[in-house]
Amino acid sequence: MPKVIEVDGLVKEYGAVTAVDRIRFSVDEGQVFAFLGPNGAGKTTTVEVLEGLREATKGTVSVLGLDPWTDGRELHRQIGVIPQDFRFFEKITPREAIEYYAALFDRKADAMGLLRQVGLDDKANARFDTLSGGQKQKLGLSLALVNDPKIYFLDEPTTGLDPQARRSIWEVIKTLKAAHRTVFLTTHYLEEAELLADQVAIIHHGRIIAEGTPASIIREHGRPQRLVVEGSPGLPELLRTSLKLPVRVDAGRAVVEIRERKDIVQAMVAIEQSGLPWSGFATESDTLEDVFVSLVGRMDDGVLKSEGSA
Amino acid sequence: MRPRRILADFAVFSKGYVRNPIALFFSLVFPIILIAMFGFIFQSGTTKVNLYVENLDHNSNASRTFLTILNHTGAVNVNLVAPSDANASGGFGQYLSNNGYTVGLVIPAGFGAAYLAGNATSPILYTDPQDLTSGGVAEGACTGVANAMNLAASHGKQVVTISNANVGSQVLKYIDYLVPGLVGFTILTSPMFAMVDISSSYRKDHIFRQLSLTPLTKGEWLTAKIIWYIALTFLTTAIMLSIGTFAFGAHVTVGLGLLPFLILGPFFFVSLGMLAGSIAKTPESAAVIGNVVTFPMMFLSGTFFPVSGFNPQLQAVAHALPLYYVIDGMNQTMLFQHYGTTLWIDFAVVFVGSIVVFIAAILAFRWRDE
Ligand SMILES: Nc1ncnc2c1ncn2[C@@H]1O[C@H](COP(=O)(O)OP(=O)(O)OP(=O)(O)O)[C@@H](O)[C@H]1O
Ligand SMILES: [Mg+2]
């Protein structure tokens, strides 16, 4: 797979603030790459450097083989962008906006078709300043589609959208992926990243703290999968002796950390054979969100401790 | 420069403009209010400027004819002053200022004899710098009559000349000056204020950043704005010409010579507004820079008062202001029909200035934060 985005040693400073600190990653063609991180982590800064809107302080950045800062004009023909706070001419309607973009990119555009694709066709003739926040976001996405770009940079495209609208944006992203387009996505919705992304990077305080497929990140940074059994108070003790696995009690339930699938079967067999009553069981595993919260939380604790002791 | 992109940007900008009632009000209704207001204020003053005349040649037919015609121009009201009264005050000039009169004329002794003999003779026009309007009107009237008499008696030979008179051959009224002056005023103000505002609000709303992600270039974008303001200028000029002519009886000539100024004027001030807004770091300083550039031009370029009536210091200031050349160029064609060197100088200054400022504006303004 050819790499369409390559970043190495990227540093971006705003005066004394280091927003992005020596990050390195790459994105393969046709991938959905999710860039995650808490507020102020450096996501937008990174995206804007990739789009050629900001100059890197240090490091090398290549998008479609171009230097975004110096070859911006060439790059902009091949990328589509939704900025984090998309704004447009106040008195212009979505339909006019798309026709405008089509003329600028020298394309033919089916304005209504694009608006239907993002679920904004009912507001095709409403002026921008009368659109809701989510509707403005949808217009941003439809404008990014006009020039049929190779890479999409979507900075929090679903923030502020209702669940229905969010799903319609997901559908658009899936369509893009099926058409072998590359999508660089930032989001605060971890389930969105888990659902859509091939690759994920988590950035915090300007540094990448985890990277990989959602599953590999969960495997690497998450807690082991757990079996939770509800029932007799004697269950934890029984499981501890019969399985040789760590068992805790949580709200009266027995929680077993399992290593392999057959641990579950063995546990249930042991319970059945003991004759102790049980009312239900479930398996629990970490989501990307659990991993994200614990990773970021752990780092913040570390930062606070080291600052406190200094 | 791609015409399709310029056209698309023009279409979007003009739609946004006409859908904004406040912008539309200021660009169309404001010129109407302006010309109506000034027209009404100066209407009475222009038809009856009181001219105080000391006739030191009162026995000659020529001097009486001169004054009679002057009275009939409708521009001035001739009031005779007895030489003894003037002497009692210690001179004619002193007499005028003692009585609070602002325009006076002295017809020298021997005026009639000189006129008949075809020898040069110069009545002296006294004007008060505090009342340029009346001075301008009287000057125009006196020169016009003098020229008429020259034509009648000496086949156009310059016999009677008005000292310091420098106005065209026809009698100009204040409203005549006002039409090109106020056209110039709107050519200056409507693009300047709009572009200064756009340069900071587009930056704040990240519209420039958004546009930088498209193939639109800064030059195309600015060109679209220029085309819009040229169109607007044609519209407001037509409105002001109609009101000036039909409501206030202005006599102005509309010819091809006007076109370059109606095109280059907006070209210049759209670019200048963008330049002023771009060199500013904040919206507040953009507004300040815009005002500092705009205000002197609003009053000193011949907008409300003809520059020829200014004192020499103010005239020098006026000649340093770009708008002066736009208005002077329009005066040359609309008022005097002089297609001479002055007009070409006005044109050259505005033409070269526009190109320089356009390029400077494009270099100074940034799509993206750097
Ligand atoms: N123009 C700027 N000038 C100075 N500092 C800035 C500027 N833009 C961003 N920063 C700082 O850089 C850091 C990273 O900001 P950035 O916008 O990249 O974060 P983000 O990850 O996109 O956050 P969010 O999730 O809130 O959008 C923050 O500390 C922010 O305060
Ligand atoms: Mg952001």
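In what follows, chains are A, B, ... by sequence order, proteins preceding strands, each numbered from 1.
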Q: Locate the shortest heavy-atom distance separating A:H76 from B:S212; write the atom from each residue and the value.
A: ND1-O, 2.8 Å

Q. When B:T214 is tested against each of A:L104, A:L143, A:V81, A:V146 for side chain to side chain contact (heavy atoms under 4.5 Å, CB included), which residue passes?
A. A:L104

Please classify the contact between [X] and chain B as side chain, backbone, both or neither, with a heavy-atom cut-off of under 4.5 Å.
{"X": "A:R87", "answer": "both"}
{"X": "A:N147", "answer": "neither"}
{"X": "A:F128", "answer": "neither"}

State, with a plain yes or no, whether a side-chain heavy atom of [X] is found less than 4.5 Å away from one of [Y].
{"X": "B:R368", "Y": "A:W69", "result": "yes"}
{"X": "A:F88", "Y": "B:D205", "result": "no"}
{"X": "A:K91", "Y": "B:Y17", "result": "no"}

Q: Apply side-chain contact (heavy atoms from CB on, under 4.5 Å) to the pair B:W367 and A:L53, showing each step before the final yes or no.
A: CA-CA 9 Å; B:W367 282 132; A:L53 293 175; over 6 Å; no

Q | Whether over 12 other heavy atoms sit under 6.0 Å from A:R24 CZ | A | no

(Q) Does atom CZ (B:F351) have a neighbourhood of more than 12 heavy atoms from anything else shown, all under 6.0 Å? (A) no

Q) Of all of B:K15, B:E220, B:R209, which one pairs up most often with chain A through heavy atoms under 4.5 Å apart? A) B:R209

Q: Report the option among B:R4, B:R2, B:H206, B:R5 that has the most heavy-atom pairs separated by less than 4.5 Å from atoms of chain A.
A: B:R4

Q. Between A:E96 and B:R19, does at least one N-O distance fall below 4.0 Å, as a salt bridge requires?
A. yes

Q) What distance separates A:F105 CZ from B:L216 CG, expressed to the nearest 0.5 Å? A) 10.0 Å

**Q.** Interface moiety of B:Y202 toward chain A, non-hydrogen atoms closer than 4.5 Å
**A.** side chain

Q: Check the pair B:N20 / A:E90 against side-chain contact (heavy atoms from CB on, under 4.5 Å), numbers first and verdict last.
A: CA-CA 9 Å; B:N20 186 342; A:E90 291 194 341; over 6 Å; no

Enumerate donor-acceptor pairs with a distance under 3.5 Å from any side-chain N or O in residues 297-304 of chain B to protein atoms, sequence neighbours excluded.
from, atom 1, to, atom 2, distance (Å)
B:S301, OG, B:M297, O, 2.9
B:T303, OG1, B:M298, O, 2.4

